[in-house]
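I have placed the structure first, in the form of C-alpha cells, so that the comments after it can refer back to it.
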Amino acid sequence: MHSLLVVMGVVCALVVPSGQVVYPSPNPQETETSFWMDHGRRELTEALQQTPNNNKAKNVILFLGDGMGITAMTAGRILKGQKKGVSGEEENLVWDRFSNMGLLKTYNLDRQVPDSAATATAFLSGVKGNYLTVGVNGKVKSKDCAASLKKENQVSTILKWAQEAGKDTGVVTTAQVTHATPAALYAHSPYRYWQCDSKLKAEGPNALACKDIALQLVEDEPGRSMKVVMGGGRQEMGAGIDPEATKKCERSDGRNLVKEWQQDKASQGKTSAYVTTTGDLKKLNAEGTDYIMGLFGDIHVPYEVDRNKSGAGTPHIKDMVKVAVRRLKRSDNGFFLMVEGGRIDHGMHHGKPRRALEELVAMEEAVRETLEEVDLQETLVVVTADHSHVMTMNGYPDRGNDIFGVTINEEDVSDHLPYTTLMFTTGEGFNYTWNGTEVIRRNLTGVDTTHKDFVPLAAVPTYPGSETHGGEDVAVYANGPMAHLFHRVHEQTYVAHVMAYASCIGPYTDCNRPFNDHRTRYKHVHHRDHDNDDDDDDERKRKGRKGYGKGSDGYNGAPALKSGGLVVLWCCVMLSKVW
Ligand SMILES: *[C@@H]1O[C@H](CO)[C@@H](O)[C@H](O)[C@H]1NC(C)=O
Ligand SMILES: *[C@@H]1O[C@H](CO)[C@@H](O)[C@H](O)[C@H]1NC(C)=O
Ligand SMILES: *[C@@H]1O[C@H](CO)[C@@H](O)[C@H](O)[C@H]1NC(C)=O
Ligand SMILES: [Zn+2]
C-alpha cells in the first residue's frame, strides 16, 4: 500500500453569513496547469509500475461498510478532509489508493434493491439468495423455515473454509453480532430477524423447528469456533445489562449464551475472555487468550458521535479491530477477519448524514491502522459495501462547502430557498407545507444542518428509521495477493470466490492457479467464452501528494469567499507531509 501523507501548511477556514463553514483547498498550486500535469504523470507512473501480486494469501481481512454506497464514500472523503480543516474533495480515503477495484451488482434473487442479509450471503458464501434470508440459497424464501433446514439449501462460507484450512477466524462489528451481516458468516436462517428465540415463538409453529441466530453463533460450527467475536447484541445473547436499552430481541428461554460460550471454551481446556467496556478491552491479553468475546451494547455498539469515550464506555471500531488482529496474528496458518462498519447503514436509515458519515470515517481509521499491522505480501485486504442508500449529493455547492451544509443556486432552484448538499429520496425528512397558495419546502435559513441529528429533506415519507436502501452497484477495493482479480463489474458473489481463491481454501483448495505467468493470465476468461455464458451471468460458474502541499505557505482565501459575505477568518496551523 502506498505511504500515507499528511500535509502541513497554514490554512484558514471561512464562515459565511449562514453560519456555514467553507474550507480551503490544501493545494494552493492547483490553479496552475503544471499542478495537474504533474499529478497525472505521477498517477500514470504508478499505474504503469503495477505488477500483479500472485502470492497465496495467508490472511484475508474483509472490511464491510454496511450501506456504504458511492455517494457515502465521496461525502465521507470530504468529511475526512474537512475534519482536518481542508476542503476535502481532494482527500483520499485509505482504500481510494488500493491497487485494484471493481463494481458489484447487489440485487437479491427476488429484489431489485437488496437487503443486508442476502447481500452478505452473496459476498461471504459466493451464492446469491432471497431478500431477508441468511446463509441459504435461492430455494429458500423469507421465513420458509422448512426449506432453510434442508442441508442442500444451506451454503458454506469463507468463515468455514478458513477454519477448515486451520486458520483462526473472527468478526468485529458495530452492529449486533447476530445482525444480518455477521449472521451470514455462521448462520443459516430464512429470516434475518430471528436473532433470539422469542422471535421464533412469536412467528408461530412453522418457525419453531428453526434455531435462532444467537444460538447458532454459540452452539454450531463455524460460529462456535470463531476466536474473536466483537460487537453489540447482549440482549440476543441473554446477557443484557443496560436497563435503558429498548427491548428488541430478548431471550424467553432464560439462557445466558455468553455464560454458555465461556463454559464451552473452558470445557475444551481453552482460555476465554468476555469484555463489555473499553477499559476491559484495553487490559485484555489478546495474544494469550484463545477465545475473545466483546459485547459493547445490549443492542448495537453506540454510534461514534454518541460514544462514551472513557474506560467505562465503549470502544472505537479501530480499538476492537486492533485487539482482533493482535489475537488472530498468533495463528501460524493465517486468519480470516471480517470487520463491519455496521452503523453507516443505521445513520442512513434515520436520514441523518452526520451519524452515517462519522461511522464511515471511523471505519476508515480502522482500515488505516490495520494496514500498519499486516504485510500486504501475504494479506489480502478487501473493502466493500453490501448495498447503497438513497442519499444523494446535489446542487452546485462551492468547493470546500461544509459537506453537511446548504447551497443556494438561484439559477436553477425555482423557490430560491437553500437546500442541503446531502438529501434523500425516501426518509423521515419529508417536510412540505401548504401556505394557502402553494406547497412550500422548509426554510433552512439559520438552521444548523451540520448537527448529528439534522434530517435533510426527503421526497417520499417513511416511518422512523426506514429510509430505504439504494440499488445501484457498490464498489469493491482490494490490496494484496490476487487483488487484481477485481477488475470490472462483477456479481457480488464474486467477492467470496476471490477471497477463497487468493487463499486457496474452500472450493479452491487445490490452489491450481492459472495465473502463474502472463501468457495464461486471462485463461479463465477464455474458458468462459466456451461455456456460452451470457456475459452477465459468467459468475455462475499517498495519496502521492508528495510535494503538492509542500512549500504551501498559506491559503489565499479569495476563491472561497462568498460575495457580500461577512467573513470570519481563523487560521490554523496544519500539517506538512511527513512521508
Ligand atoms: C419540518 O420543518 C419544521 C420547520 O419548518 C421543523 O420544525 C420540523 O422539525 C421538520 N420536520 C422534519 C421531519 O424534518
Ligand atoms: C406562498 O408561497 C409563495 C412562494 O413563496 C408566495 O409567492 C406566496 O405569496 C405565499 N402565499 C402566502 C399566502 O403566504
Ligand atoms: C427564509 O427565512 C429567512 C430567515 O428567517 C427569511 O429572511 C427569508 O425571507 C425566508 N425565505 C422565504 C422564502 O420565506
Ligand atoms: Zn439497511
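Atoms within a ligand are numbered from 1 in the order they appear, just like the ligands themselves. Just so you know, these numbers use all the heavy atoms, side chains as well, and skip hydrogens, waters and symmetry mates. Quick caveat, the model's predicted, so the values are computed rather than measured.
Electrostatic pairing of K141 and D110 counts as a salt bridge here, judged by a charged N lying under 4.0 Å from a carboxylate O. Between D453 and R355 there is a salt bridge, since at least one side-chain N of the basic residue sits less than 4.0 Å from a carboxylate O of the acidic one. With respect to the salt-bridge test (charged N to carboxylate O, under 4.0 angstrom), the residues E304 and R307 qualify.
At distances below 3.5 Å, not a single donor-acceptor pair connects side-chain atoms of H469 with backbone N or O atoms of S388. Under the 3.5 Å distance criterion, the side-chain polar atoms of K105 are left unmatched by any main-chain donor or acceptor of V489.
In H349, the N, O or S atom that comes nearest to the Zn ion (ligand 4) is NE2.
Set against the non-hydrogen atoms of E428, the atoms of ligand 1 under 4.0 Å away are 13 (C).
Taking the six-membered ring where the residue is Trp, the centroids of Y477 and F486 are separated by 6.0 Å or more. In summary, the aromatic rings of H490 and H497 are positioned with their centroids too far apart to meet the 6.0 Å limit.
Centred on the Zn ion (ligand 4), the angle running from H469 (NE2) to D345 (OD1) is recorded as 100°, rounding to 10°.
At the shortest separation from atom 5 (O) of ligand 3 among protein heavy atoms lies N443 ND2, 4.6 Å. In terms of protein heavy atoms, atom 11 (N) of ligand 1 is closest to N431 ND2, 2.7 Å. Here the heavy atom of the protein found nearest to atom 7 (O) of ligand 1 is R442 NH2, 4.4 Å. Protein heavy atom closest to atom 4 (C) of ligand 3, with residue, atom name and distance, is T445 CG2, 3.8 Å.
Only the side chain of L417 comes within 4.0 Å of ligand 3, counting heavy atoms alone; its backbone N, CA, C and O stay farther away.
Counting protein heavy atoms under 4.0 angstrom from atom 9 (O) of ligand 3 gives zero.
Under 2.8 Å from the Zn ion (ligand 4) lies no N/O/S atom of H346, from backbone or side chain alike.
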